[in-house]
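Reviewing the structure listed below.
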Amino acid sequence: MKTPVKATLIAVAVAVVLLVAGIVYALIQQPAKPDPEAGEKLPTVRTDSHVLDEGGPDAVTVVEFLDFECEACGAFYPIVEELRATYDGDIRYVTRYFPLPGHVNSTQAALAAEAAAQQDRYEEMFHRLFETQAEWGEQSTETPEVFRAFAEELGLDLAAYDAAVADPATLARVQQDKRDGERLGVSSTPTFFVDGEKVELVEWNDLEEAIAAAVAE
């Protein structure tokens, strides 16, 4: 290769290397795009969330992410009911779905609750699911017929119930709750938030103490 040609090729190669290096440097120096949620507290309640107790105008908002098949949720159920009675009017109690993958019937139970909600009977199904958890929990296969029987016992319109359970939008509604929970740091159930603050459950009375402190403020 003649020397002038070789020199030209070397010059071009060096120029390409410098150009690439410049681009990489420029990219590195660009400020990171701001996270629109950085520094913002994520909401724990949506407009379509199920509110069991509205409370007064200054009520403390208590949100429970739950799995109807979860034994810990079942254990907290009577505690929650007692707290709802004790702080009636002082708290706004909201429940949200968070079915865990290890529970075969958890999603089916959530679909049953959501289908009942579409007939304004969410709370009745909520109670029925927890009161009968031992009967249908920890199964090896899904048992949607059990939940349909609950719907019949509650006097729901079964045609509407069946349509709601089969509607992909009903499942999407359940999954949206779970996605919201994951963004809020929920990884197990039950997980409670009191006025947007996650409650760390170590003792059985931690939830009550958090509610009492928020109500007293």
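Numbers for residues simply follow the sequence, beginning at 1.
- Ring geometry, F68 versus F130: the interplanar angle falls from 30° to 60°, so the pair is classed tilted.
- Criterion: ILVMFWY side-chain heavy atoms under 4.5 Å apart, direct or through other members. Under it, V80 and W204 are part of a common hydrophobic cluster.
- Scored by the side chain to side chain contact (heavy atoms under 4.5 Å, CB included) test, A151 finds M125, L156, L158, Y161 as partners (sequence neighbours excluded).
- The side-chain heavy atoms of E209 and D206, taken from C-beta on, include a pair separated by under 4.5 Å.
- Salt bridge status for E153 with R121: absent, with no side-chain N to carboxylate O gap under 4.0 Å.
- For D180, the side chain to side chain contact (heavy atoms under 4.5 Å, CB included) criterion is met by R46, R96, Q176, R183, not counting sequence neighbours.
- Residue C73 is tested with T95, L100, L129, L66 for a side chain to side chain contact (heavy atoms under 4.5 Å, CB included); the sole match is L66.
- Using a cutoff of 4.0 Å between basic side-chain nitrogens and carboxylate oxygens, R173 and D48 are scored as salt-bridged.
- Between P78 and G74, the shortest heavy-atom contact is CD-O, 3.3 Å.
- F76 and I211 fall within a single hydrophobic cluster, where Ile, Leu, Val, Met, Phe, Trp and Tyr are joined by side-chain heavy atoms under 4.5 Å apart, directly or via other members.
- In this structure, E71 and Q133 approach most closely via the heavy-atom pair CA-OE1, 3.8 Å.
- Cluster annotation: V45 is not connected to V174 through the hydrophobic network of ILVMFWY side chains, with a link wherever side-chain heavy atoms come within less than 4.5 Å.
- Panel note: side chain N205, backbone E208; no donor-acceptor pair is recorded below 3.5 Å.
- Using a 4.5 Å heavy-atom cutoff, the side chains of F65 and F192 are not in contact.
- Partner H127 forms a side chain to side chain donor-acceptor pair (under 3.5 Å) with one of E123, E131, E124 and no other, that one being E123.
- For the side chain to side chain contact (heavy atoms under 4.5 Å, CB included) test, residues two or more places apart in sequence or in another chain that qualify with E142 are V104, N105, Q108, P144.
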For this session: Please lay out, stage by stage, how T61 and V194 fare under the test side-chain contact (heavy atoms from CB on, under 4.5 Å).
Result: CA-CA 6 Å; T61 299; V194 175; over 6 Å; no
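- In this structure, L207 and L201 approach most closely via the heavy-atom pair N-CD2, 4.1 Å.
- Checking side-chain atoms of K198 against main-chain N and O of T191 turns up no donor-acceptor pair under 3.5 Å.
- The side chain to side chain contact (heavy atoms under 4.5 Å, CB included) check on D167 picks up A169, T170, with sequence neighbours excluded.
- The number of heavy atoms from other shown groups lying within 6.0 Å of CD (E82) does not exceed 12.
- Without hydrogens or angle criteria, E69 side chain to A109 main chain gives no donor-acceptor distance under 3.5 Å.
- E54 has its side chain out of reach of Y93: every pair of non-hydrogen atoms, C-beta onward, lies at least 4.5 Å apart.
- A 4.5 Å side-chain heavy-atom check between V199 and F193 finds every atom pair outside the cut-off.
- Side chains of D90 and V60 form no contact here, defined as non-hydrogen atoms less than 4.5 Å apart.
- Both V186 and V94 are members of a single hydrophobic cluster when ILVMFWY side chains are connected at heavy-atom separations under 4.5 Å.
- E64 meets the salt bridge (charged side-chain N to carboxylate O under 4.0 Å, His left out) test with no other residue; sequence neighbours excluded.
- Residue pairs meeting the ring pair (Phe, Tyr, Trp, His ring centres under 6.0 Å) criterion with at least one member in residues 97-118, sequence neighbours excluded, are H50-Y97.
- Side-chain atoms of Q118 never come within 3.5 Å of backbone atoms of A164 as a donor-acceptor pair (strictly under, hydrogens ignored).
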Exercise. Under the side-chain contact (heavy atoms from CB on, under 4.5 Å) criterion, do T132 and E135 qualify, and how do the steps go?
Worked result: CA-CA 5 Å; T132 62; E135 300 174 18; 4.0 Å; yes
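- Rounding to the nearest 0.5 Å places CD of Q119 at 5.0 Å from CG of D157.
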For this session: Before giving the answer on salt bridge (charged side-chain N to carboxylate O under 4.0 Å, His left out), spell out for R92 and D53 the whole-Å C-alpha distance, their side-chain angles and the decisive distance to 0.1 Å.
Result: CA-CA 5 Å; R92 178 182 183 228; D53 302 310; over 6 Å; no
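- When all heavy atoms are compared, the tightest approach of F147 to A112 is CB-CB, 3.6 Å.
- Between T189 and D67 the shortest heavy-atom distance is OG1-CB, 3.6 Å.
- If you chain together hydrophobic residues whose side chains sit under 4.5 Å apart, V51 and V62 never meet in one group.
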For this session: In sequence, state the C-alpha distance, the side-chain angles, and the governing distance for T107 and L171, and then conclude on side-chain contact (heavy atoms from CB on, under 4.5 Å).
Result: CA-CA 8 Å; T107 297; L171 177 60; 3.8 Å; yes
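- Looking at every heavy atom in both residues, L83 comes nearest to I91 through O-CD1, 4.2 Å.
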For this session: Report the C-alpha separation of R84 and E81 in whole Å, then their side-chain angles, then the decisive distance to 0.1 Å, and conclude whether the salt bridge (charged side-chain N to carboxylate O under 4.0 Å, His left out) test is met.
Result: CA-CA 5 Å; R84 288 178 60 196; E81 291 305 294; 3.0 Å; yes
